[in-house]
Trainee: 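One structure is given below, represented as structure tokens, and several questions about it will come after.
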Amino acid sequence: MIAPSLSSGVEQLGDMIANAASIVPFTGAGISTESGIPDFRSPGGLWSRNQPIPFDEFVARQDARDEAWRRRFAMEQTFAKARPGRGHRALASLYKAGKVPAIITQNIDNLHQVSGFAEHDVVELHGNTTYARCIGCGKRHELAWVHDWFQRTGHAPHCTACDEPVKTATVSFGQAMPPDAMRRATELAQHCDLFIAIGSSLVVWPAAGFPMLAKECGAKLVIINNEPTEQDEIADLVIRHDIGDTLGPFVGN
Ligand code: NAD
């Protein structure tokens, strides 16, 4: 059912939150647009500017790796100055109140951790862009080190431990999904009684399977997104309004 207005959507959501014992939020890029980070598919979003570099290209070609890091550093100011918005803060309030056991996110911007979620309670399906990892041995590298290498050589770095390429700690198209995060997200979706999908176009799979799974396992499903998604018809409540305006009333003190 689509909420007829923002205020009725907020009211219904408030009732559902009050009646739920275990709420699992699932977030996409739309929750971070208020923080100044563009999403992928909106007009002017990242997709319209750059097609993503698939994992096999990153592995195969030095010029693809150089381009990937050039793009990442071009975004650095945007990521570095982003602060949690009303949506992040509202979810952190519900987490602190004990209503939310953990959050599933497609986002890579680290803003749920900054807003107050413990690191181990942020299930990152697509990784995190605020640090890097070697694609061979998995060693963590900090961005400052990568930046220094890039400035000195003009090229993407290789791991100091095993000489394999170093990539942001994100999951690229064509790269395997992280098994632990997939397992935890599955358990969370199966065992909650309210699942709230926020700011996702729900077209990137397998991530987009989680709202559906939660619904199949008996949870109520709420979708908050300013444009239609393919799962609106199975949702108990669709709020087609701005995320900050919708979740703002749930920000605690
Ligand atoms: P998406 O760009 O496909 O969809 C975002 C949705 O949010 C769109 O439907 C858009 O209309 C909606 N939206 C944007 N701002 C909104 C607002 N203020 N209020 C209500 N709705 C709003 O994003 P996705 O489904 O998360 O898939 C994109 C993939 O790209 C993700 O897997 C993610 O890894 C990556 N990504 C992440 C970030 C980030 O970490 N912040 C940013 C861009 C892309």
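Everything quoted here is computed from the prediction, not taken from an experiment. One-based numbering, in listed order, for ligands and for the atoms of each.
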Trainee: With backbone taken as N, CA, C and O and side chain as the heavy atoms from C-beta onward, which portion of Pro38 lies under 4.0 Å from ligand 1: side chain, backbone, both, or neither?
Mentor: backbone
Trainee: Below 4.5 Å, heavy atoms only, C-beta onward: do Leu188 and Pro101 meet side chain to side chain?
Mentor: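 Yes. Closest side-chain heavy atoms under 4.5 Å.
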Trainee: Output all residues satisfying side-chain hydrogen bond (donor to acceptor under 3.5 Å, both in side chains) with Ser32, sequence neighbours left out; order by chain, then residue number.
Mentor: His88, Asp109
Trainee: Check contact between Ser35 and ligand 1, using heavy atoms of the residue and a distance below 4.0 angstrom.
Mentor: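 In this structure, Ser35 fails to qualify as a contact of ligand 1 - no heavy atom is under 4.0 Å.
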Trainee: For ligand 1, note which part of Asn107 has a heavy atom under 4.0 Å away: side chain, backbone, both or neither.
Mentor: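 Contact part for Asn107 vs ligand 1: both backbone and side chain.
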Trainee: State whether the side chain of Glu34 and the backbone N or O of Arg86 hold a donor-acceptor pair below 3.5 Å, judged by distance alone.
Mentor: yes
Trainee: Can you tell me which portion of Ile37 lies within the under-4.0 Å heavy-atom range of ligand 1? Options are side chain, backbone, both, or neither.
Mentor: side chain
Trainee: Counting only nitrogen or oxygen atoms and a 3.5 angstrom limit, does Val203 reach ligand 1?
Mentor: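 There is no such contact.
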Trainee: Consider only side-chain N and O atoms of Thr105 and Thr27, and report whether a donor and an acceptor are under 3.5 Å apart.
Mentor: yes
Trainee: What orientation do Phe73 and Phe150 show, parallel under 30°, tilted 30 to 60°, or perpendicular over 60°?
Mentor: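 Geometry flag for Phe150 against Phe73: tilted rings.
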Trainee: Ligand 1 versus Ser200, non-hydrogen atoms closer than 4.0 Å: side chain, backbone, both, neither?
Mentor: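 Under 4.0 Å from ligand 1, Ser200 contributes backbone and side-chain atoms.
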Trainee: Would you check whether Glu34 reaches within less than 4.0 Å of ligand 1, judged by its heavy atoms?
Mentor: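 It does not; every heavy atom stays at 4.0 Å or beyond.
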Trainee: Ala29 to ligand 1: N or O pair under 3.5 Å?
Mentor: yes
Trainee: With nothing but distance in play, are any N or O atoms of Gly28 less than 3.5 Å from an N or O of ligand 1?
Mentor: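 Among all N and O atoms of Gly28, none is under 3.5 Å from an N or O of ligand 1.
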Trainee: Select one of side chain, backbone, both or neither to describe which atoms of His126 lie under 4.0 Å from any atom of ligand 1, heavy atoms only.
Mentor: side chain
Trainee: Which part of Thr33 is near ligand 1, with near meaning a heavy atom under 4.0 Å away: side chain, backbone, both or neither?
Mentor: side chain
Trainee: With Arg152, which residues qualify under side-chain hydrogen bond (donor to acceptor under 3.5 Å, both in side chains), at least two apart?
Mentor: none
Trainee: When you look at CD of Glu11, are more than 12 heavy atoms from neighbouring residues, nucleotides or ligands closer to it than 6.0 Å?
Mentor: no
Trainee: I'd like to know if the side chain of Gln175 pairs up with that of Lys167 as donor and acceptor (distance under 3.5 Å, no hydrogens or angles considered).
Mentor: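 Short answer, yes.
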